[in-house]
Student: 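Could you have a look at this structure, given as structure tokens, before my questions?
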Amino acid sequence: MMNQVNPDSASLPCPIAWGAREEPERLALRTPGASYSYRGLDERVRARERYLREHGVAAGERVAIRGPNGVDHVEWLWACWRLGATACLLSTRVPPDALPGLMAQVAAQHLITPEDRAETLSGVQRHAWTAGLSTQAEASASVVLRPEAPAVVVFTSGSTGTPKAALLSIGNLAENARGSNLNLPVAPGDRWLLSLPLYHVGGLGIVWRTALAGAAVVLPGPGPLSEEIQAQGVTHVSMVSTQLVRALQEGVAARLQGVRGLLLGGSAIPSGLLEAALEAGLPVHTTYGLTEMGSQVTTTPPGASAAVLRSSGRLLEGRALRVEGGEILVRGATRFLGYVEGHTVRRPFDDAGWFRTGDLGQVDADGYLHVRGRLDNRFISGGENIHPEEIERALSAQPGVAEAVVVPVSDAEFGQRPVAFVRMLDPAVRPPSSLLQALRAVLPGYKVPDALLPWPLEPGLKPSRPALQAQAERSREDFM
């Protein structure tokens with residue numbers, strides 16, 4: 001459909017409006033109970049956009065959105081982008097008491113949410129989640145978006161403890177989707193499962209990839225993902241390791257026969273999980289990305305071997321990458337505009353436009369990126385540098401281990417020592433002591449954790465290292 005985006009163009013046709021005009025009956029969005037054509041979705045987006053105009057939202061303003069994945073959320077996003085407003089996406093996992101601080105951080109004066117408590121926010125105009133659908137809005141001949149216009153604020157995961165508000169443009173989102181679609185083709189009639197939250201760039205990427213290709217977003221129901229994939233004819237899916245582990249436990253192989261691409265990201269992928277996915281015949285793509293680049297930076301190609309899938313893939317079009325002193329630097333058409341700090345935007349780039357990711361990695365002779373860890377997770381134990389990710393990879397390679405996070409705890413002799421939280425594939429099994437013996441065979445002794453602690457959380461998209469470190473310090477007396 002509109003797979004080719006010209007980054008030098010002064011305007012970009014809105015892919016939803018374009019689809020409504022050119023292929024009005026083509027499927028654009030599907031839920032377990034309803035289907036929306038491009039014409040039907042465009043009508044609903046136009047009604048939302050008109051509602052925002054009539055309620056004082058102007059181009060250039062920031063509108064906070066906090067709510068579940070769903071048709072309403074997708075419509076509000078496109079309405080903001082067509083109006084020229086910036087959508088500031090607030091996680092539904094953040095407690096309501098944190099909302100005032102987040103709203104102030106992004107200087108948003110409007111909030112769209114289904115939550116009644118949000119009415120108490122001072123100086124903020126609240127809009128109902130289902131507002132605007134009764135509004136009548138005439139169709140326009142064409143709708144264009146400006147690539148340079150600020151489009152969305154996405155909060156980073158906050159690996160250092162304080163989330164940052166990354167500002168992405170329309171062009172950033174469109175170029176990221178275009179480069180992804182060139183590597184992992186998406187065509188009209190395809191269906192991509194929205195299995196990631198829309199307040200993450202992973203979820204936003206699905207919305208843009210499908211729209212540019214004339215494909216459909218599929219919203220899952222409450223059942224297991226593998227059942228939703230089969231029932232709704234999904235052709236593409238994005239997952240993090242935790243989701244894939246669950247899907248394999250559900251016997252996903254028989255339900256994924258129609259899937260042509262499974263994008264696997266979010267963190268380092270345990271080698272055992274990759275082997276299980278390949279054995280099940282799943283069309284896996286491993287990837288490296290970050291919020292500040294709109295999602296993917298590198299991704300493996302279709303049909304990659306097991307050896308290639310242990311990397312994070314090659315650079316996608318529209319991006320540039322280099323490694324300096326072991327640190328990954330990025331720039332290009334998908335690079336974000338900067339960090340929102342109230343009414344200002346801080347641009348953390350050098351004179352050549354490079355952004356320092358804080359990730360450690362190397363590019364091999366064939367151009368594949370291998371991510372080694374984080375600069376800001378490194379700590380020193382007895383004068384030796386320890387990168388938690390190295391220990392986590394060694395743990396995740398052991399049979400029965402689904403996930404591991406290593407954090408430092410204070411130690412009178414060594415300054416800091418590593419401790420690991422381990423989640424087993426079988427939740428009833430505690431981390432066995434034999435894991436420590438296995439680690440001693442592959443790691444220097446100073447890198448072997450002093451203790452293995454049971455996984456303390458419900459499996460999530462990205463555990464908080466600061467929170468786990470605080471928990472380990474509190475329970476230090478139990479294992480030292």
Side-chain angles (χ1 to χ4, degrees), residues 12 14-17 29 41 44-53 55-92 94 99 102-115 118 121 124-132 143 145-156 163-174 176-177 194 196-211 217 291-292 294-295 334 336-340 342-343 345:
L12 166 70
C14 170
I16 303 301
L29 192 150
L41 181 59
R44 292 169 66 94
V45 171
R46 281 190 277 110
R48 305 278 200 178
E49 180 186 0
R50 181 168 181 176
Y51 168 87
L52 292 176
R53 291 182 187 278
H55 287 77
V57 179
E61 288 196 299
R62 295 178 185 157
V63 178
I65 301 177
R66 174 183 161 101
N69 277 18
V71 179
D72 298 287
H73 205 153
V74 172
E75 291 167 358
W76 283 123
L77 285 171
W78 284 111
C80 285
W81 295 333
R82 284 160 60 149
L83 178 61
T86 303
C88 304
L89 306 182
L90 307 182
S91 169
T92 54
V94 172
L99 288 181
L102 294 176
M103 295 286 290
Q105 185 175 349
V106 298
Q109 295 181 314
H110 297 268
L111 173 63
I112 303 171
T113 180
E115 300 168 347
L121 289 174
V124 174
Q125 184 176 354
R126 180 185 179 277
H127 305 276
W129 197 239
T130 57
V143 179
L145 309 174
R146 293 185 299 111
E148 77 280 4
V152 66
V153 173
V154 182
F155 285 88
T156 65
K164 297 176 182 177
L167 179 63
L168 294 154
S169 70
I170 290 289
N172 294 154
L173 297 173
N176 195 287
L194 188 60
L196 301 173
L198 285 168
Y199 54 77
H200 283 180
V201 289
L204 290 173
I206 294 169
V207 169
W208 274 88
R209 288 174 219 135
T210 52
V217 173
T291 299
E292 290 87 348
S295 185
T334 69
F336 75 134
L337 301 178
Y339 293 119
V340 172
H343 293 283
V345 177

Student: So which atom in P114 and which in G67 form the shortest heavy-atom distance, rounded to 0.1 Å?
Tutor: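 Looking at all heavy atoms of both residues, the shortest contact is CD-CA, 4.1 Å.
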Student: Tell me whether R48 contacts the main-chain N or O of A131 through its side chain, where contact means a donor paired with an acceptor under 3.5 Å.
Tutor: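 Side chain of R48 to backbone of A131, a donor-acceptor pair under 3.5 Å: yes, one is there.
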Student: For E61, does the CD atom have more than 12 heavy-atom neighbours from other residues, nucleotides or ligands under 6.0 Å away?
Tutor: yes
Student: Could you report the tightest heavy-atom contact between P147 and L145, atom names first, then the distance?
Tutor: CD-O, 3.4 Å
Student: Would you say that L77 contacts L204 through its side chain, given a criterion of any heavy-atom pair below 4.5 Å between the two side chains?
Tutor: yes
Student: For the side chain of S169 and the backbone of E148, is there at least one donor-acceptor N/O pair under 3.5 Å apart?
Tutor: no
Student: To the nearest 0.5 angstrom, please state how far the CH2 atom of W76 sits from the CG atom of L83.
Tutor: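 Between atom CH2 of W76 and atom CG of L83 there are 11.0 Å.
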Student: Partners of T92 by side-chain contact (heavy atoms from CB on, under 4.5 Å), sequence neighbours excluded?
Tutor: R66, Y199
Student: State, with a plain yes or no, whether a side-chain heavy atom of V154 is found less than 4.5 Å away from one of H200.
Tutor: no
Student: So do I112 and L52 actually touch side chain to side chain, heavy atoms under 4.5 Å?
Tutor: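 Yes, at least one pair of side-chain atoms sits under 4.5 Å.
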Student: Got a donor-acceptor contact below 3.5 angstrom from the R126 side chain to the E115 backbone?
Tutor: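 Flag set: sc R126 to bb E115 pair under 3.5 Å.
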Student: Considering all heavy atoms of both residues, which atom of L90 and which atom of A64 are nearest to each other, and what is their separation?
Tutor: CD1-CB, 3.9 Å
Student: When you compare the side chain of V152 with that of F336, does any pair of heavy atoms fall below 4.5 Å?
Tutor: no
Student: Taking all atoms of both residues into account, what is the closest heavy-atom pair of F155 and L89, and its distance?
Tutor: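 So the two residues come closest at CD1-O, 3.6 Å.
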Student: About how many Å separate CG of L168 and CG of L337, when rounded to the nearest 0.5 Å?
Tutor: 7.0 Å
Student: Could you walk me through whether V71 and R44 pass the side chain to side chain contact (heavy atoms under 4.5 Å, CB included) test, one step at a time?
Tutor: CA-CA 10 Å; V71 179; R44 292 169 66 94; 3.9 Å; yes
Student: Under the rule for side-chain contact (heavy atoms from CB on, under 4.5 Å), what residues qualify as partners of S295, not counting sequence neighbours?
Tutor: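 Once residues adjacent in sequence are excluded, the partners of S295 under the side-chain contact (heavy atoms from CB on, under 4.5 Å) criterion are N176, V201, R209.
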Student: Specify the closest pair of heavy atoms between A211 and I16, including all atoms of both residues, with the distance to one decimal.
Tutor: CB-CD1, 4.2 Å
Student: Evaluate the side-chain proximity of W81 to L173: yes if any heavy-atom separation is below 4.5 Å, no if none is.
Tutor: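 Sidechains of W81 and L173: in contact.
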Student: ring-ring contact (aromatic ring centres under 6.0 Å, His included) with H110: which residues, sequence neighbours excluded?
Tutor: H127
Student: Suppose we screen for side-chain hydrogen bond (donor to acceptor under 3.5 Å, both in side chains). Which residues come up paired with E292, at least two apart in sequence or across chains?
Tutor: Y339
Student: Between H343 and A107, what is the shortest heavy-atom contact and its length?
Tutor: CE1-CB, 3.6 Å
Student: Would you please name every residue forming a side-chain hydrogen bond (donor to acceptor under 3.5 Å, both in side chains) with N69, sequence neighbours left out?
Tutor: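 With sequence neighbours excluded, N69 shows a side-chain hydrogen bond (donor to acceptor under 3.5 Å, both in side chains) to no residue whatsoever.
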Student: Quick one: are I65 and L198 in side-chain contact, heavy atoms under 4.5 Å?
Tutor: no
Student: Treating W78 as the side-chain partner and E49 as the backbone partner, does any N or O pair qualify as donor plus acceptor under 3.5 Å?
Tutor: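 No.
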Student: Excluding sequence neighbours, so at least two apart, what forms side-chain contact (heavy atoms from CB on, under 4.5 Å) with T86?
Tutor: R62, P150, V153, L167
